[in-house]
Amino acid sequence: MAWHIVEKLLEQVAEHSTLVGKFWVTFFFVLRFLMVVSIADTVFGDEQGSFVCNTLTPGCANICFNDFSPISLIRLWALQILSVSLPTIIFMVYTAHKMTKISQAKKLRQDEMDKKKKMREEAKKYNTYTKYVVCRLAVEIGFMVLQFNIYVFKFWVPELFKCARWPCPNVVDCFVSRPKEKTIMLWVMFATGLIMIVLNLIELYHL
């Protein structure tokens with residue numbers, strides 16, 4: 001995945017952000033972006049291969065794993081990063097367009113008209129930035145709720161997962177590799193999400 005594109009977009013949006021917005025970009029890189037790219041893949045990359053169930057019934061182990069992890073956490077977090085970055089892309093396109101119009105107005109109009117035009121454009125940019133922060137906040141909350149409701153283990157990855165889904169003949173014991181390591185990673189990602197939400201709320205209050 002071309003993560004460097006997302007990185008450049010976030011760096012550009014930081015140039016047009018408030019102080020709190022710059023903190024948001026910093027935390028986004030350090031606590032989520034780099035975490036998913038460099039660490040999370042090594043923690044959750046062996047999910048299905050290391051998910052062992054004490055059954056020989058064809059299909060039972062796959063069904064149990066689907067019940068335990070309906071969606072890959074790595075892919076969910078990657079989708080979250082891209083979804084949070086989408087409002088950033090829209091904001092950057094809008095800002096670039098408006099800055100171009102302001103530059104053209106400076107060349108074609110008198111100074112007083114330029115000032116009025118610039119003030120109007122700045123007001124529009126302010127309103128757009130506020131909507132951008134609201135979209136970021138909505139995406140963050142939405143993905144946290146989604147993650148909490150999708151997975152049966154919530155905040156604690158168990159070492160033993162009991163499965164009673166068809167075609168398993170009875171209750172089957174399935175074993176998860178490195179549950180503590182995965183639990184810590186879950187806590188870090190949930191904490192990161194909470195920090196992002198708090199920063200968005202602070203920025204909205206500041207705006």
Side-chain angles (χ1 to χ4, degrees), residues 1-3 6-7 10 23-88 135-202:
M1 183 177 291
W3 291 111
V6 178
E7 181 180 355
L10 291 172
F23 275 111
W24 180 90
V25 172
T26 301
F27 277 104
F28 186 89
F29 273 127
V30 176
L31 295 180
R32 176 173 293 161
F33 187 85
L34 295 179
M35 190 74 69
V36 171
V37 172
S38 61
I39 300 176
D41 187 53
T42 60
V43 176
F44 290 93
D46 63 341
E47 279 185 290
Q48 189 165 8
S50 301
F51 189 83
V52 180
C53 300
N54 60 350
T55 179
L56 297 177
T57 304
C60 177
N62 286 338
I63 290 295
C64 290
F65 180 76
N66 292 341
D67 192 30
F68 178 78
S69 181
I71 301 174
S72 168
L73 273 168
I74 300 297
R75 295 187 183 95
L76 181 67
W77 290 334
L79 179 61
Q80 183 176 7
I81 290 175
L82 294 176
S83 298
V84 173
S85 300
L86 181 60
T88 301
C135 289
R136 265 183 2 202
L137 178 62
V139 171
E140 295 285 1
I141 294 175
F143 269 91
M144 286 195 69
V145 172
L146 180 66
Q147 180 177 330
F148 182 80
N149 288 303
I150 283 179
Y151 301 97
V152 295
F153 44 80
K154 308 303 180 186
F155 297 106
W156 299 86
V157 178
E159 187 173 20
L160 175 65
F161 176 69
K162 293 185 177 293
C163 173
R165 295 280 304 277
W166 185 88
C168 301
N170 45 39
V171 178
V172 174
D173 292 334
C174 297
F175 304 93
V176 183
S177 67
R178 305 196 311 276
K180 291 183 180 180
E181 185 179 14
K182 292 176 180 175
T183 297
I184 292 173
M185 191 67 200
L186 275 179
W187 290 351
V188 170
M189 294 304 293
F190 267 114
T192 301
L194 290 175
I195 292 174
M196 298 294 108
I197 290 173
V198 170
L199 287 175
N200 283 322
L201 290 174
I202 293 174

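These values consider heavy atoms only, across backbone and side chains, with no hydrogens, waters or symmetry-generated copies. The first residue of the sequence shown is numbered 1, and numbering continues consecutively from there. In this text the structure is predicted, and so the values were computed from the model without any measurement.
Among residue pairs with one or both ends in residues 159-202, those qualifying as ring pair (Phe, Tyr, Trp, His ring centres under 6.0 Å) are Phe68-Phe161, Phe155-Phe190, Trp156-Trp187; sequence neighbours excluded. Sorted by first then second residue, the salt bridge (charged side-chain N to carboxylate O under 4.0 Å, His left out) pairs that include residues 59-86, not counting sequence neighbours, are Asp67-Arg165. Applying the salt bridge (charged side-chain N to carboxylate O under 4.0 Å, His left out) definition to pairs two or more places apart or across chains, none involves residues 147-161. Under the salt bridge (charged side-chain N to carboxylate O under 4.0 Å, His left out) criterion, no residue pair touches residues 184-199, with sequence neighbours excluded.
Side chain of Tyr151 to backbone of Ile71: a donor-acceptor contact under 3.5 angstrom is found.
Atom CG of Leu199 is separated from atom CG of Leu194 by 11.0 Å, given to the nearest 0.5 angstrom. To the nearest 0.5 angstrom, Met189 atom CE is 10.0 Å from Ile39 atom CD1. Taking CG of Leu76 as the reference point, atom CD1 of Ile81 lies at 10.5 Å (rounded to 0.5 Å). Summarising the geometry, atom CG belonging to Asn66 is positioned 9.0 Å from atom SG belonging to Cys64; distances are rounded to the nearest 0.5 Å.
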Output side-chain donor-acceptor pairs under 3.5 Å for residues 51-59, partner residues at least two apart or in another chain, one line each.
{"unit_1": "Asn54", "atom_1": "OD1", "unit_2": "Asp173", "atom_2": "N", "d": "3.0"}
{"unit_1": "Thr55", "atom_1": "OG1", "unit_2": "Thr57", "atom_2": "N", "d": "3.1"}
{"unit_1": "Thr55", "atom_1": "OG1", "unit_2": "Thr57", "atom_2": "OG1", "d": "3.3"}

Side-chain donor-acceptor contacts of residues 138-150 below 3.5 Å, not counting sequence neighbours, with atom names and distances?
{"unit_1": "Glu140", "atom_1": "OE1", "unit_2": "Arg32", "atom_2": "NH1", "d": "2.9"}
{"unit_1": "Glu140", "atom_1": "OE1", "unit_2": "Arg32", "atom_2": "NH2", "d": "3.1"}
{"unit_1": "Glu140", "atom_1": "OE1", "unit_2": "Gln80", "atom_2": "NE2", "d": "3.4"}
{"unit_1": "Glu140", "atom_1": "OE2", "unit_2": "Arg32", "atom_2": "NH1", "d": "2.8"}
{"unit_1": "Gln147", "atom_1": "OE1", "unit_2": "Trp77", "atom_2": "NE1", "d": "3.0"}
{"unit_1": "Asn149", "atom_1": "ND2", "unit_2": "Val145", "atom_2": "O", "d": "2.8"}

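With sequence neighbours excluded, no residue forms a disulfide bond (SG atoms under 2.5 Å apart) with Cys135. For Ile184, the side-chain contact (heavy atoms from CB on, under 4.5 Å) partners at least two apart in sequence or on another chain are Val188. Partners of Lys180 under the salt bridge (charged side-chain N to carboxylate O under 4.0 Å, His left out) rule, at least two apart in sequence or in another chain, do not exist in this structure.
The sulfur atoms (SG) of Cys163 and Cys60 lie 2.5 Å or more from each other.
Residues Thr183 and Val157 approach most closely at OG1-N, 3.0 Å, considering heavy atoms.
In this structure, the side chains of Phe153 and Lys182 stay at 4.5 Å or more apart for every pair of heavy atoms.
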